[in-house]
Protein chains: 2
Amino acid sequence: MSVTIYDVAKKANVSMATVSRVINGNTNVKPTTRKKVMAAIEELEFRPNAVARGLASRKTTSVGVIIPDISNMFFAELARGIEDIATMYNYHIILSSSDQNLNRELDLFDNMLEKQVDGVIFMGGSISEEHVKAFNQSNVPVVLAATVDESNQVPSVNIDYYSAITDAVHELIEKGHQKVGYVSNSIDSSIETSKVNGYQDTFKEHKLSVDSNLIYKGDDTYQSGIKAAHYFMDLDEKPTAILTSSDEMALGVIHGAQDLGVKIPDELAVIGFDNTRLSVMVRPELTTVVQPMYDIGAVSMRLLTKLLKNEDVEEDQVILPHRIIKRSSTKE
Amino acid sequence: MSVTIYDVAKKANVSMATVSRVINGNTNVKPTTRKKVMAAIEELEFRPNAVARGLASRKTTSVGVIIPDISNMFFAELARGIEDIATMYNYHIILSSSDQNLNRELDLFDNMLEKQVDGVIFMGGSISEEHVKAFNQSNVPVVLAATVDESNQVPSVNIDYYSAITDAVHELIEKGHQKVGYVSNSIDSSIETSKVNGYQDTFKEHKLSVDSNLIYKGDDTYQSGIKAAHYFMDLDEKPTAILTSSDEMALGVIHGAQDLGVKIPDELAVIGFDNTRLSVMVRPELTTVVQPMYDIGAVSMRLLTKLLKNEDVEEDQVILPHRIIKRSSTKE
DNA sequence: ATGAAAGCGCTAACAA
DNA sequence: TTGTTAGCGCTTTCAT
């Protein structure tokens with residue numbers, strides 16, 4: 001079959017324990033014997049079997065990543081952040097898309113435990129008690145990325161969604177907009193709830209009326225942005241600005257409005273959310289709320305490595321900063 | 001520690017072999033004992049250890065996926081196709097981004113072999129002899145997805161890039177365009193070479209001159225599309241149509257040209273490549289060559305499963321069909 | 001600094 | 001139909 005540690009030991013005239021020490025960088029090996037062993041490894045083209053190692057050491061150096069949809073730009077960018085840091089710390093990634101389906105999420109988590117992952121990064125719409133229970137019962141650390149657990153029991157990395165939307169609405173109100181449409185993400189996640197609350201509270205704060213007609217339930221697609229534009233432009237009391245829960249929907253809104261002859265930003269201001277690469281791939285370029293996706297992924301993975309090494313973490317509910325980047329879909 | 005097959009055996013008053021048979025769906029088990037065992041599994045919340053199973057059976061039911069960049073829409077879509085089929089056949093995916101770097105690709109491949117993956121799907125710019133050698137020396141099947149190996153030694157799934165570009169150029173020439181700019185992908189892969197050849201050959205075929213000034217070396221980004229538009233519009237003999245090697249660059253070209261006051265498609269026709277979701281997220285909507293990314297991923301994975309099960313495959317160099325979808329960035 | 005030996009949790013002959 | 005018994009290839013005490 002394939003070359004094993006035993007073959008190397010024989011060739012180098014040492015015991016397999018010594019070979020094991022060499023491949024694991026254990027310092028208790030005389031330099032000369034280390035050389036011998038290395039030579040044997042070279043010669044035999046020995047490649048350690050990670051599965052056997054995993055069984056013996058009870059560590060697989062692999063982490064599970066559960067993601068709603070890898071073909072979604074937003075999550076793909078997060079995944080890239082996760083991966084880069086994982087690579088840096090020598091972890092491998094087992095990646096699965098859940099389509100935000102509860103049972104599938106739970107199943108995937110279970111499968112990953114069977115594979116003996118050392119930890120998992122979870123991304124999803126909402127965290128139920130079932131999730132928390134599953135995470136707690138397992139004895140591997142779990143970190144939520146761009147996903148909030150309202151009970152605050154699971155370590156997580158996010159931005160402050162409520163205040164992010166608040167900032168965007170403030171911005172608009174200051175510019176004189178009184179009627180601002182909001183295109184939400186239909187998935188009823190606690191993140192979306194925070195956003196909607198932020199949106200409504202800001203109007204109340206400014207003593208402005210909150211018109212429920214001004215909230216359109218989108219589904220995070222470009223198409224639903226287009227529909228939203230049509231919906232809003234059909235209203236008797238049209239909004240003068242539209243805020244969306246994602247950049248992709250914002251592009252839809254811009255094009256939907258433009259198709260109707262509405263001038264952006266003169267007749268309608270648009271603000272997106274996320275600052276994906278899409279935001280500069282449109283005319284006018286999109287003003288948007290920056291959510292540092294790559295960083296969220298990277299920080300999540302970094303946090304997980306700390307948890308894996310039992311380093312102490314001062315804060316396991318990380319909130320990364322957000323900001324608004326002004327481009328041409330809003331005036332001035 | 002955790003519950004093992006042995007604990008279950010004791011609880012159910014059977015041998016571990018029987019438990020093993022039950023969890024592996026072996027039919028040689030009396031229904032009543034199967035029930036007993038199932039009950040014990042339930043009660044103890046037994047979860048089989050995939051690592052131990054992998055060591056004993058020499059199969060891990062996981063496949064490695066080497067991808068240039070998961071945050072690139074094109075590859076993310078491929079990955080989704082791969083993943084869906086992998087899930088269907090109960091394989092897990094170990095995913096790593098290579099950034100198209102040869103050494104990293106080779107390293108990743110090696111790491112995956114250490115992890116004892118059952119097979120790997122490889123995506124990358126170009127396949128060198130080193131790649132082929134590494135693939136052949138391993139004893140796991142490898143399938144290339146949207147990646148061509150000119151030596152045809154490695155199973156692969158692609159479209160016919162040469163003829164895809166040819167079709168696009170024909171289309172343009174038929175519409176009367178004599179000067180057609182081409183924005184290439186700088187990465188010197190054999191796919192890009194096929195495309196450039198297809199582009200040039202078509203002009204020769206029509207007895208039209210091939211002007212090397214009409215080829216702009218892009219780098220697959222939106223920005224390079226913008227630059228390409230500026231470059232072309234600055235030429236004395238401006239092209240009346242531009243073909244790009246990817247949709248993202250096509251969007252750049254459209255916007256770059258529009259920023260310069262050029263009307264699309266009246267003064268300049270634009271054709272993209274891939275038919276990513278981007279192609280409808282622009283005005284005018286983009287005419288493009290359809291490359292079925294999801295399908296390429298799915299078919300690659302399906303092919304790999306066949307290879308893994310030693311089913312015979314009639315053809316291991318799969319060419320999927322392509323077509324042109326006409327939208328509004330070209331006339332009529 | 002090195003070796004011997006006992007597992008890690010499971011599969012897969014081979015018996016019975 | 002069920003049980004016994006070797007391993008799978010490595011890590012990790014415990015000796016020496």
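Reminder, nothing fancy here: chain letters follow the sequence lines and each chain counts from 1. Just so it is clear, the model here is predicted, and its values are computed rather than measured.
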From the set [options], return the single nucleotide nearest to any side-chain atom of [X].
| X | options | answer |
| --- | --- | --- |
| B/K30 | C/dT2, D/dT1, D/dC8 | D/dT1 |
| A/A17 | D/dT11, D/dT12, C/dC10 | D/dT12 |
| B/S2 | D/dT13, C/dG9, C/dA12 | C/dG9 |
| B/M16 | C/dT11, C/dA4, D/dG9 | C/dT11 |
| B/R21 | C/dC8, C/dG3, D/dG3 | D/dG3 |
| B/S20 | C/dG3, D/dT11, C/dT11 | C/dT11 |
| A/A52 | C/dG9, D/dT12, D/dG9 | D/dG9 |
| A/A56 | C/dC8, C/dA12, D/dT1 | C/dC8 |

Contacts of type salt bridge (charged side-chain N to carboxylate O under 4.0 Å, His left out), residue A/D188, not counting sequence neighbours:
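In terms of salt bridge (charged side-chain N to carboxylate O under 4.0 Å, His left out), with neighbours along the sequence ignored, A/D188 is linked to no residue.
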NZ of B/K11: more than 12 outside heavy atoms within 6.0 angstrom?
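No, because the 6.0 Å sphere around NZ of B/K11 holds 12 heavy atoms or fewer from other groups.
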Between D/dT4 atom C1' and B/I5 atom CD1, what is the distance in whole Å?
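So the CD1-C1' distance, B/I5 to D/dT4, works out to 14 Å.
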Check: OP1, OP2 of C/dT11 versus side-chain N and O of B/N24: anything below 4.0 Å?
Finding: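 B/N24 to C/dT11 OP1/OP2: side-chain N or O found under 4.0 Å.
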**OP:** Working to the nearest 0.5 Å, report the span between CD1 of B/I121 and OH of B/Y91.
**Re:**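 These two atoms lie 11.0 Å from each other.
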request  = Quick one: list whatever passes side-chain contact (heavy atoms from CB on, under 4.5 Å) with A/N72, sequence neighbours left out.
outcome  =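 In terms of side-chain contact (heavy atoms from CB on, under 4.5 Å), with neighbours along the sequence ignored, A/N72 is linked to A/D69, A/F74, A/F75, A/D220.
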